[in-house]
Amino acid sequence: MNKYWKAIGLYAVIFVIILAVLAFNNEGITAPEKEQKAYTYSDLVTELEGGNIKELDISRSKEVGDFGTVEATL
């Protein structure tokens, strides 16, 4: 029974090493983040009128003084 635990331990160590390499790689194991660019309100209106907006998500937090955020996919 002891030799089975040694084999399982070896595979577990190899698995952890592979995960560590992927985690510290430039690409990582998560999906790449989208490039974000800050726009002014007039830029947003111009892009909307030009038909360049693919998706628009408007959200507002409940904090006082926060006017919310807009995320647009061009």
Side-chain angles (χ1 to χ4, degrees):
M1 185 75 169
N2 194 13
K3 66 179 177 179
Y4 296 115
W5 286 109
K6 287 182 181 179
I8 291 173
L10 178 65
Y11 287 120
V13 169
I14 292 172
F15 180 72
V16 169
I17 290 172
I18 291 172
L19 283 179
V21 168
L22 289 175
F24 292 109
N25 191 4
N26 286 339
E27 297 174 9
I29 54 177
T30 59
E33 295 183 21
K34 297 178 183 176
E35 181 182 343
Q36 294 184 352
K37 183 178 177 183
Y39 282 94
T40 61
Y41 180 74
S42 60
D43 292 336
L44 178 64
V45 171
T46 304
E47 294 292 336
L48 280 171
E49 290 174 349
N52 298 329
I53 303 292
K54 179 179 178 183
E55 182 179 332
L56 189 65
D57 182 29
I58 301 172
S59 61
R60 182 174 182 181
S61 72
K62 296 181 182 188
E63 295 179 16
V64 176
D66 184 17
F67 298 107
T69 59
V70 175
E71 292 185 15
T73 304
L74 301 177

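It should be emphasised that the depicted structure is a prediction, and the values quoted were computed from it without experimental measurement.
- Considering CG of N52 and CG of L44, their distance stands at 11.0 Å, rounded to 0.5 Å.
- Hydrophobic clustering, defined by side-chain heavy atoms of Ile, Leu, Val, Met, Phe, Trp and Tyr closer than 4.5 Å, groups V45 together with Y41.
- In terms of the side-chain contact (heavy atoms from CB on, under 4.5 Å) criterion, residue partners of I18 (sequence neighbours excluded) are, by chain and number, I14, L22.
- Residues satisfying the side chain to side chain donor-acceptor pair (under 3.5 Å) criterion with T40, sequence neighbours excluded, are S42, D43.
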